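Read through the structure below, which is laid out as structure tokens, and then see the notes.
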Amino acid sequence: MNISTIQTQPFEGQKPGTSGLRKKVTVFQQPHYLANFVASLFAVIKPAEGFAGKTLVIGGDGRFYNDTAIQLVIKMALAQGFSKILIGQNGILSTPAVSNIIREYQAFGGVILSASHNAGGPDGDFGIKFNIANGGPAPEKITDAIYAHSQTISSYDIVDCSDADLSTLGVTTVGNAVIEIIDSVADYVVLMQKLFDFNAIRALFQSGFTMRFDAMHAVTGPYAHKIFEDILGAPKGTVVNGTPLTDFGGHHPDPNLVHAHELYALMMSDAAPDFGAASDGDGDRNLVIGRGMPVAPSDALAVLTANAHHAPAYAAGLFGVARSMPTSCAVDRVAQALGIECFETPTGWKFFGNLLDANRITLCGEESAGASSNHVREKDGLWAILLWLNILAKTRVSVKALLESHWATYGQNYYTRHDFEEIETDKANAVMTHIKTQLPNLAGQTFGGLTVQSADDFSYHDPIDGSVSHHQGLRVLFTDEANENARIVYRLSGTGTVGATIRMYIERYEGDARKHGQDTQNALAALIQLAYRLANIETLTGRGAADVVT
Ligand code: VG1
Ligand code: CO
């Protein structure tokens, strides 16, 4: 193997965000841009003994630039001396599948090429992130070090060899190393069969239960065809948009009621099947809609926690649960009832890893349609959908009935997120500064029937490794006359690629069963108005309404 050393210079701003480095494809296409990041990654993670004897997993969601990026990562990994490189066929692996393969094959880590729910194609977004040996996203101390290295880089090493054939399963030798192309779906399917009662779900489909799964032309298509149609016996056609496309058919592969509108419209119509679900670009998110009944992701986490015991993997109970700070507090009440710990972490899956590794939690989730368990170290869209199916197969109730009885037992946390996208960065910063300066004076103030209990800039103290992460969102906590809680949370997105995105998260607990099941935006109207007012959003940004409301 002939290794070349290429001279380069730093690029500004190669800073990983909530979930890796995410930029426009055109940014990644600049000469050396991706190579600089990959070289910085290898420099930071290289153990004293080097990479000999170690395995690297590589996979992506199939979006435009996936192939080009994978070939580069392979050649740079070979130059670093990795002994084995495992790659999903045609470069395809969902994010949870990568996480599983890292763990299953005891790899050193994995490189995931994806920009998740962001749009793809030549004008769309691309992304790269690194997952460590536990299968989870690299913690902040690694991503910070990669960034620091990228700002001083002057050269990188790469092997001169021809491109690997990603389409043929099997092993190829390159110098002292082997490249193995593995089935993208097989290991993941085996894992799911270990966790869930497939016979019960098969019987559910046999009984006439109907479902639509929308793969949004993203990575889960092949997984979903295999699991739902081939193995569980759902009729062909249950999975739609099941062929991964490099531009996701021109849509945002983001499973929310806005971008998965077709599914939503079907589920709210007379022709609705019993169960609707979708996943995102890289397969780690999930959307679940019952017939006539969308399920808010925060509620889903609570319902799954309360009913997980129906699945074999969780029958013995849960260690604990965790949710990201902006996620609604619905799951907290379930944890309390179960007598298990409930942790509140910053946004992003990397913060769950330590709690999962230490067996402090079994399930965790985020308001942004992400949930998972200790079976991998990523959120897992199909896992969540299979857990729903397992629960429905055992209880034989509708999603609507399940949700309504959940609210009757625990109360309902009305919840919404308002996103203001592509705001000029200095305007977005002005909004955050405006809110921040008010925080110290808010406690004790009353707005309508709501009194501010506390207001702060959230810092997370990791209970396992003691690390502290500051500035994880501004939160204002209220209590009302009935002593029930409400919250407003503000944060800047760390996954956008154009300008800045402000996210407002608005939540109010409703204990009175007669007031459950109302339209969310109506139920939260006063609080939403207050959230806009406290942020002075219209004056500071010129935006009177959010771009995406979920
Ligand atoms: C968003 C979500 C966050 C999620 C992240 C990655 O981040 O809010 O909950 O973990 O995307 O999801 P942000 O910083 O834009 O709010 V995905 O499916 O990339 O892996
Ligand atoms: Co994703």
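All values derive from a computational prediction rather than experimental measurement. Order of appearance sets the numbers: ligands from 1, and atoms from 1 within every ligand.
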If I apply the N/O under 3.5 Å rule, does [X] come out as touching ligand 1?
X	value
Y505	no
G494	yes
W349	no
T347	no

Open item on the list: Which option wins on minimum heavy-atom distance to atom 19 (O) of ligand 1: R22, R285, H117?
Closed with: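 Among R22, R285, H117, the closest heavy atom to atom 19 (O) of ligand 1 comes from R22.
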
Are the charged groups of [X] and [Y] less than 4.0 angstrom apart, N to O?
X	Y	value
D282	R63	no
R487	E344	yes
R360	E341	yes
R503	E367	no
D419	R417	yes
R377	D357	yes

So how far is it from [X] [atom1] to [Y] [atom2], rounded to the nearest 0.5 Å?
X	Y	atom1	atom2	value
S368	D254	OG	CG	9.0 Å
L387	T305	CG	OG1	9.0 Å
K379	D280	NZ	CG	7.0 Å
Y314	N307	OH	CG	14.0 Å
I488	L527	CD1	CG	4.5 Å

Task: For atom 9 (O) of ligand 1, closest protein heavy-atom neighbour - done: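 Looking only at protein heavy atoms, the one closest to atom 9 (O) of ligand 1 is S368 OG, 2.6 Å.
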
- [ ] Report the nearest protein non-hydrogen atom to atom 8 (O) of ligand 1: residue, atom name, distance rounded to 0.1 Å.
- [x]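 The closest one turns out to be R417 NH1, 3.6 Å.
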
Just let me know how [X] lines up against ligand 1, side chain, backbone, both or neither, with a heavy-atom cut-off below 4.0 Å.
X	result
T495	both
D280	side chain
S493	both
K350	neither

Open item on the list: Around the Co ion (ligand 2), how many protein N, O or S atoms are found at less than 2.8 Å?
Closed with: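 For the Co ion (ligand 2), protein nitrogen, oxygen or sulfur atoms under 2.8 Å: 4.
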
Open item on the list: When you measure from the heavy atoms of E378 to every atom of ligand 1, does any distance fall below 4.0 Å?
Closed with: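 Not so, E378 does not reach ligand 1.
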
Task: Heavy atom of S324, distance to ligand 1 below 4.0 Å - done: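 It does not; every heavy atom stays at 4.0 Å or beyond.
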
Task: Distance-only polar pair, side chains of D299 and Y410, donor-acceptor under 3.5 Å - done: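 Judged by distance alone, the side chains do not pair up.
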
